[in-house]
There are 2 protein chains.
Amino acid sequence: MVRATIEDVAEAAGVSVATVDRVLNGRAAVRPKTAARVEQAVRRLNYQPDRLAARLARAREYRFCFILPEGANAFMIALADAVREEALRMAGEKVVIDLRHTDVFEAAVLAAALDEVGAVYDGVAVVALDHPQVREAINALDARGVSVVTLVSDVPGSRRSHYVGIDNSAAGRTAATLMGRYLCGRAGKVGLIAGSLSLRDHIERQFGFEQVMAHDYPNLTLLPVREGRDDRHKVQHVAEQLLADHPDMIGLYNVGAGSTGIAAALEGAGRQRKVVFITHELTDDTRRALIDGTIDIIISQDAGHEVRSAIRVLMSKADRAPIVEQMERIRIDIYLRDNIP
Amino acid sequence: MVRATIEDVAEAAGVSVATVDRVLNGRAAVRPKTAARVEQAVRRLNYQPDRLAARLARAREYRFCFILPEGANAFMIALADAVREEALRMAGEKVVIDLRHTDVFEAAVLAAALDEVGAVYDGVAVVALDHPQVREAINALDARGVSVVTLVSDVPGSRRSHYVGIDNSAAGRTAATLMGRYLCGRAGKVGLIAGSLSLRDHIERQFGFEQVMAHDYPNLTLLPVREGRDDRHKVQHVAEQLLADHPDMIGLYNVGAGSTGIAAALEGAGRQRKVVFITHELTDDTRRALIDGTIDIIISQDAGHEVRSAIRVLMSKADRAPIVEQMERIRIDIYLRDNIP
DNA sequence: AGGCTGCTGATAGACGCCTATCAGGAATTG
DNA sequence: CAATTCCTGATAGGCGTCTATCAGCAGCCT
């Protein structure tokens with residue numbers, strides 16, 4: 001039982017291969033009756049075009065563009081590295097991947113960047129700000145036939161064809177539960193530092209965290225969020241303030257980047273390992289802090305997986321082929337010092 | 001800058017495409033001097049054969065076999081389902097995947113099964129018992145040119161070309177740290193139930209768990225391991241015994257399958273949510289117990305990912321192509337009730 | 001010199017699909 | 001009923017590689 005070819009279908013339907021091709025690829029008008037015969041034959045033989053042969057024949061280049069923030073925190077650098085690495089690997093498969101950096105915090109700038117790339121690429125992956133202007137730009141791309149996937153941070157309500165990233169509110173809830181359990185029913189204050197509250201992912205994490213905290217751990221008092229803008233130094237300053245203001249703070253959750261700033265602040269105050277510190281993204285720095293105990297838990301996402309997933313999705317969209325949802329789910333990685341890769 | 005074809009290489013090296021092909025695929029003897037010229041041209045043009053075209057031309061079927069335990073705990077069923085699902089998907093890519101069930105606990109039976117499949121397949125993935133006889137059978141397959149990957153449980157020291165599965169000792173350590181933290185410095189006993197101590201994965205988990213327990217949590221007394229054979233009923237019996245024998249047991253780590261038996265025992269004794277219960281593998285049953293709080297943490301591995309990884313590895317081996325290590329790392333998934341997929 | 005062997009070139013024919021073109025038959029229009 | 005438009009068939013050529021075959025040329029041996 002070998003797989004059927006386009007010729008088998010043609011024969012079974014009593015038409016020519018040209019007609020089968022016309023039906024399959026919508027190349028020209030075909031009488032409905034004929035088309036129906038072809039489609040029936042396709043189903044009967046369970047014909048599915050050989051994607052390899054198709055891509056070979058099309059001799060088509062896929063052109064994709066990744067748009068990442070230019071402000072370079074460690075995770076975004078890892079993401080950019082992953083893009084470059086995959087670009088190399090995929091070069092052998094007629095896939096061209098470009099990488100652009102933009103100020104993603106400025107809606108206008110990001111929207112302009114999105115408009116600009118539309119003419120050239122088949123698909124765009126973007127770490128996006130959730131803002132009406134950006135949403136418009138994404139919708140415009142989609143209207144032009146350029147498929148868009150959001151990466152790491154989503155823009156719900158836009159016509160992006162897929163979101164590649166973790167469920168951030170689940171990540172926040174997870175952080176809260178671990179915080180609560182690690183604190184063992186003690187009473188005290190828990191601090192919260194975010195990067196920017198205009199990034200969807202941060203908002204959602206915070207939301208999930210607060211939800212579980214309020215519901216399950218009434219013994220803990222959640223301090224108002226402070227914004228650190230994902231900048232190491234600013235974050236450190238914020239953390240120092242927080243520590244000074246609240247000598248009875250026993251837990252700290254960092255929603256965004258700049259963890260090293262917090263680690264420094266904790267060490268400066270001599271309160272490392274006394275404050276349960278949970279943060280995001282495994283990088284060289286956070287790994288080190290995790291090993292020496294300053295960080296208790298890192299919640300992370302795998303940049304390599306995300307980039308590969310984004311590419312697979314964009315390719316599927318370009319081929320108008322379905323994606324395997326289950327395969328494209330990006331998981332929440334939880335790292336303790338014991339399971340660091 | 002389009003990518004180079006085999007013809008470009010031929011031209012650059014001043015030879016015919018036939019010769020380039022002979023060098024690249026070791027098809028026939030080529031004078032060393034000529035071969036060197038070709039190889040230089042390959043490097044200079046950064047030529048890499050188009051894998052799509054190659055596979056198309058070879059018109060080759062890959063035949064792989066998965067050998068799984070016939071004793072059907074939920075995880076193994078999920079694994080088998082994943083194999084069947086991927087078999088369907090890959091059918092479109094000239095990859096034929098068969099699935100066999102065997103008593104993997106009997107070294108002789110498993111070894112016989114391995115011997116048997118050797119003649120037919122290009123590659124074999126096996127959930128293997130770590131036993132000299134099995135090791136021999138694996139080595140024999142390798143000698144015959146059939147590549148073998150171990151799945152879920154490794155056979156170190158054998159000539160398997162790859163192990164697809166999590167780092168089990170890290171998983172054990174992770175369980176221990178979470179257990180220790182969840183128990184908040186209280187003193188008490190911690191129970192340990194394993195499936196079979198002849199499966200490598202269970203031994204390693206236990207080892208990792210004991211290591212961290214002994215080192216970091218001297219307040220906790222680790223009870224001697226009890227074997228439950230991965231059988232729901234036997235496991236339940238063992239758990240009931242354990243609970244009866246030790247009213248002061250405050251933590252329980254299940255290294256193997258049969259978690260539902262333990263959940264039943266805990267509920268029977270009215271000690272659910274009083275004993276911190278950590279176990280492995282997310283299934284419908286364990287998910288439910290996690291949600292209602294009987295299970296505190298599930299450490300898991302994604303069957304779908306493992307199967308896909310095994311297939312990718314086997315295909316690479318069949319093509320003599322390198323694998324992307326980083327992409328084939330199977331991660332330890334940690335699930336709380338907050339991040340269940 | 002004749003017969004080897006060893007290496008190389010040329011080339012045809014897959015693999016399964018896409019693209020394009022041309023011709024002729026069928027259906028539609030006035 | 002003729003003129004037109006709409007569908008369909010046939011077929012060639014290509015995508016980049018593999019496989020196989022045959023012919024030719026050099027150098028070696030006896």
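Here is how names work: the chains are called A, B, and so on, in the same order as the sequence lines, proteins then strands, and each is numbered from 1. Owing to the predicted nature of the structure, the values given are computational and were not obtained by experimental measurement.
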Without decimals, in angstroms, what is the distance between [X] [atom1] and [N] [atom2]?
X       : N      : atom1 : atom2 : result
B:Arg55 : D:dC15 : CZ    : C1'   : 16 Å
A:Glu61 : C:dC18 : CD    : C1'   : 17 Å
B:Arg51 : D:dT17 : CZ    : P     : 13 Å
A:Leu24 : C:dC18 : CG    : C1'   : 11 Å
B:Ile6  : D:dT19 : CD1   : C1'   : 12 Å
A:Asp21 : D:dA10 : CG    : P     : 15 Å
A:Lys33 : D:dC7  : NZ    : P     : 14 Å
B:Arg58 : D:dA20 : CZ    : C1'   : 16 Å

Within the structure, does a side-chain N or O atom of [X] lie under 4.0 Å from either OP1 or OP2 of [N]?
X       : N      : answer
B:Ser16 : C:dA10 : no
B:Asn25 : D:dT19 : no
B:Arg31 : C:dG6  : no

* When the nearest nucleotide of DNA chain D is assigned to B:Ala18 and to B:Gln48 on a heavy-atom basis, which residue is associated with the more 5' position? -> B:Gln48
* Asked: If you find the nucleotide of DNA chain D closest to B:Tyr47 and the one closest to B:Arg22, which residue's nucleotide is nearer the 5' end?
  -> B:Tyr47
Are there over 12 heavy-atom neighbours, none belonging to [X], within less than 6.0 Å of that residue's [atom1]?
X        : atom1 : result
B:Arg159 : CZ    : no
A:Glu70  : CD    : yes
B:Arg44  : CZ    : yes

* **Sole residue of B:Val9, B:Asp8, B:Thr34 in side chain to side chain contact (heavy atoms under 4.5 Å, CB included) with B:Val20** => B:Val9
* Asked: Base, sugar-phosphate, or nothing: which does B:Val17 touch, judged by heavy atoms less than 4.0 Å apart?
  -> base
* Asked: Where the side chain of B:Thr5 is concerned, which of C:dG9, D:dT17, C:dC17 is the nearest nucleotide?
  -> D:dT17
* Asked: Closest to the A:Leu56 side chain: D:dC15, C:dC17, C:dG9?
  -> D:dC15
* Asked: Given that B:Thr34 and B:Ala53 both sit by DNA chain C, which one's nearest nucleotide is further toward the 5' end?
  -> B:Thr34
* Is there side-chain contact between B:Asp142 and B:Ile138, with heavy atoms separated by less than 4.5 Å? -> no
